[in-house]
Amino acid sequence: MVALPQRKIFWRPPHATGWKFLETRIIQGDSSPFPSITLPIHMLSTIAQLKTRLQQALVAAFGAEWADTDPILVPTNNPKFGDYQANVAMSLAKPLKMKPRAIAESIVANLAVSDLAEAPEIAGPGFINLRLSTAYLEQQLQAVRTDPRLGVATVDPPTRVIVDYPSPNIAKEMHVGHLRPSIIGDCLSRILEFLGYDVLRLSHVGDWGTPFGMLIAYVREAYPDALNDDSDIDLGSLASFYRNAKKRFDEDEAFQQLARQSVVELQAGDEATLKAWKLVCNLSNRTNQTIFDLMGLCDLTIRGESFYNPYLLDVVKALDDKGLLVEDQGAKCVFLEGFTNMDGNPLPLIVQKSDGGFNYATTDLAAIRYRLDEDKVQRVIYPVGAEQTNHFAQVFQVGRRAGWITDAVAFIHAPFGNVLGEDGKKLKSRSGDALKLEEMLEEAIAYARTDLINRLQAANRDESEEFINEVARVIGISAIKYADLSQNRTSNYIFSYDKMLALQGNTAPYMINAYVRVRGIGRKGDIDFASLSDDQTIRLQEEWEFTLAKHILQLDEVLAEIDQDLLPNRLCQYLFELSQKFNQFYENCPVLKAEEPTRTSRILLCDLTAQTIKLGLSLLGIPVLDRI
RNA sequence: GGGGCUGUAGCUCAGCUGGAUAGAGCAACCGCCUCCUAAGCGGUAGGUCGCGCGUUCGAAUCGCGCCAGUCCCGCCA
């Protein structure tokens, strides 16, 4: 067995201020080594290969001391400069005391890339331009085409990653606030899983504390048998259950007293109360599951706050043992470094309240310990709103100072912005409440359905009810997801059914349509893509084919970027450009009417495009359709 | 008062470790279906990259300072 080449991907160091917001990473001082992941590459990415060649050329030209110099290899922004450009010559002008152009000439003289690219060219002040050779591209296309993973390598070893989302509170219905964590968390976990990580999806649901008093009291009152019975009594729909409980709570003072009493009993571990609590949790989880199913989310492991109850006291004790705990005004706290209150005094993180109760920081710390000790996790990702940036920075800081979080692991807050209404303000319903998640999804489907029916009528097409329902559901849900994922995670975005369902532009329907076009070619030409022989090859001729093919081959680079920066919009951007390039090819290069061997070559290129779109969309959590 | 983030075309947003003429979609205007579904393609027009200073051969990108918006800052999550 041949040893596989390896490359190391380093966490990006946190020096740049622009990065702080992207991820809160815990690193002990700037000089410490960053955790690294080693990837085996069964098909070395083009950019990695070129980089290696350039480094070898640097050594050959200027000596071994330049071996670690970054060749500053980037894709060109203009096809006339080729596919990639190395900008290292300019940066070496000063240390080498040479003219950049002369440096570039020396590098090129020592550069062996004939198996990958055409003869390098030097342009401008000293740019080294590289254009991939047709033979190399065709060889790469063939390798990708015959690989179920489309040439994307898996990580080795498959380290464990926990993605913590969307963690709703069980005492409320899921609302607009859960839209982004659900979609982004699901997408990131799919991408990381595809890259070979051992992904554990945990939903840290809010299933403990005061909000349950009211609900438990209502179970007692409305379903008195439920507490003594072992059977799982049906509490009806979650929405009506909440509504009724709230009504009782608001109208009756004695009921409020009962609710408060229930909280005390719950925390004391009273069995009948626990039973009622469990019933509420089950109802909520069941209801949320139907929403997850509608959204097409991957299955989650529910590990709520209550799970960590047995570990909370130990967190406090451990902090005390480390000498971090300070009692202040009756509360047990850890005073934070770098956080001050409005008076300029150090801010505490309260881990036990003056009444002896615990709060969410304690639970988060317990979860950190559990995930390290029991789950043996290497990386934990929290896709949570940007409002909680301070909270995570604080909890991670305490985890680090307690010695739990080390350099070998990464705890990452992947923050996102708010969902805004078309008025640019935080999205709310007419009545001012948070919009219910389920209603948003249903509305998107209804919009898609109306659009579809109008279009079918305009085209004089007659389709079955089943077809219409399926397409409306897929387009509606996909549009909502894609609209969310296609924007930079860190910024707010304006939620608009009209825009996300627009049939043109950077939207889910546009991408799905590109896929449908390939399927259309298959139907028209009676081609079974699945049975295309591995021996047949793609031959690139027209400019449109080159442009499309080069883009297809960049999938692994995009996914490698997302592995590091956790920004799904990069994949959306990639797929949008892929679809655009395919549409241009489709417009300019006839497939079925072409002469052989061009015809077969183009069929293969179409199929590879479709496979790439399908895979890419699936990583976003979006399915494809054969016909729309 | 302190801190985070955001500020790029009329609108919504990309812009990767600083790199050649700052991109896309929508909206506007002009074209393209006897031809694989036009949910498509081509073109025109539109920008002091919030402002200033600095670092650099080179800055939308890095640093500092302002301005504007937004979020957070002790026992809720």
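Below, chain A is the first sequence line, B the second, and so on; all start at residue 1.
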Pair listing, salt bridge (charged side-chain N to carboxylate O under 4.0 Å, His left out) test, anchored in residues 94-105 of chain A, at least two apart: none
Selection residues 338-357 of chain A - residue pairs positive for salt bridge (charged side-chain N to carboxylate O under 4.0 Å, His left out), sequence neighbours left out: none
Whether A:Phe576 stacks on the six-membered ring of B:A24 base, 5.5 Å and 30° limits: no
Set out, line by line, the N/O atom pairs under 3.5 Å between protein and nucleotides 57-60 of chain B.
residue : atom : partner : partner atom : Å
B:C57   : OP1  : A:Lys94 : NZ           : 2.8

Selection residues 452-464 of chain A - residue pairs positive for salt bridge (charged side-chain N to carboxylate O under 4.0 Å, His left out), sequence neighbours left out: A:Arg461-A:Glu463, A:Glu463-A:Arg627
C1' atoms of B:G74 and B:G2, separation to the nearest Å: 15 Å
Atom CD of A:Glu121: over 12 foreign heavy atoms under 6.0 Å: no
Sugar-phosphate, base or nothing in reach of A:Asn390, heavy atoms under 4.0 Å: base
Presence of donor-acceptor pair under 3.5 Å, side chain of A:Gln85 and base of B:A20: yes
Sugar-phosphate, base or nothing in reach of A:Leu347, heavy atoms under 4.0 Å: sugar-phosphate
side-chain hydrogen bond (donor to acceptor under 3.5 Å, both in side chains) against A:Lys614, all qualifying residues, sequence neighbours excluded: none
Chi angles and distances behind the salt bridge (Lys or Arg N to Asp or Glu O under 4.0 Å) call for A:Asp484, A:Arg489: CA-CA 8 Å; A:Asp484 200 308; A:Arg489 193 190 73 219; over 6 Å; no
RNA chain B contacts made by residues 73-82 of chain A, counting heavy atoms under 4.0 Å: A:Leu73, A:Val74, A:Asn77, A:Asn78, A:Lys80, A:Phe81
N-O pairing of A:Asp83 and A:Arg131 below 4.0 Å: no
Sugar-phosphate, base or nothing in reach of A:Cys572, heavy atoms under 4.0 Å: nothing
Pairs under 3.5 angstrom, nitrogen or oxygen only, protein versus nucleotides 10-12 of chain B, please.
none

Value in whole Å for how far the C1' atom of B:U37 lies from CG of A:Leu452: 14 Å
Residues that A:Phe339 engages under ring pair (Phe, Tyr, Trp, His ring centres under 6.0 Å), provided they are two or more places apart: none
Dot-bracket encoding of pairs in RNA chain B, which uses [ ] for pseudoknotted crossings and | for another strand, Watson-Crick or G-U under 3.5 angstrom: (((((((..((((.....[...)))).(((((.......))))).....(((((..]....))))))))))))....
Rounded P spacing from B:C26 to B:C36 in Å: 24 Å
side-chain hydrogen bond (donor to acceptor under 3.5 Å, both in side chains) partners for A:Asn87, two or more places apart: A:Gln85
Touch class at under 4.0 angstrom, heavy-atom based, for A:Ala331 against every strand present: base
A:Phe212 and A:Trp277 aromatic ring geometry - parallel, tilted or perpendicular at 30°/60° bounds: perpendicular
Under-4.0 Å salt bridge between A:Arg602 and A:Glu545: yes
Where at least one partner belongs to residues 579-592 of chain A, residue pairs that pass salt bridge (charged side-chain N to carboxylate O under 4.0 Å, His left out), sequence neighbours excluded: none
More than 12 heavy atoms of other groups within 6.0 Å of A:Asp526 CG: no
Quiz item: cation-pi between A:Arg517 and A:Tyr586, 6.0 Å / 45°: yes
Contact list for RNA chain B against residues 472-486 of chain A - heavy-atom distance below 4.0 Å: none
Sugar-phosphate only, base, or nothing, as touched by A:Asp328 at under 4.0 Å among non-hydrogen atoms: base
Donor-acceptor pair, side chain of A:Ser203 and main chain of A:Ile302, under 3.5 angstrom: no
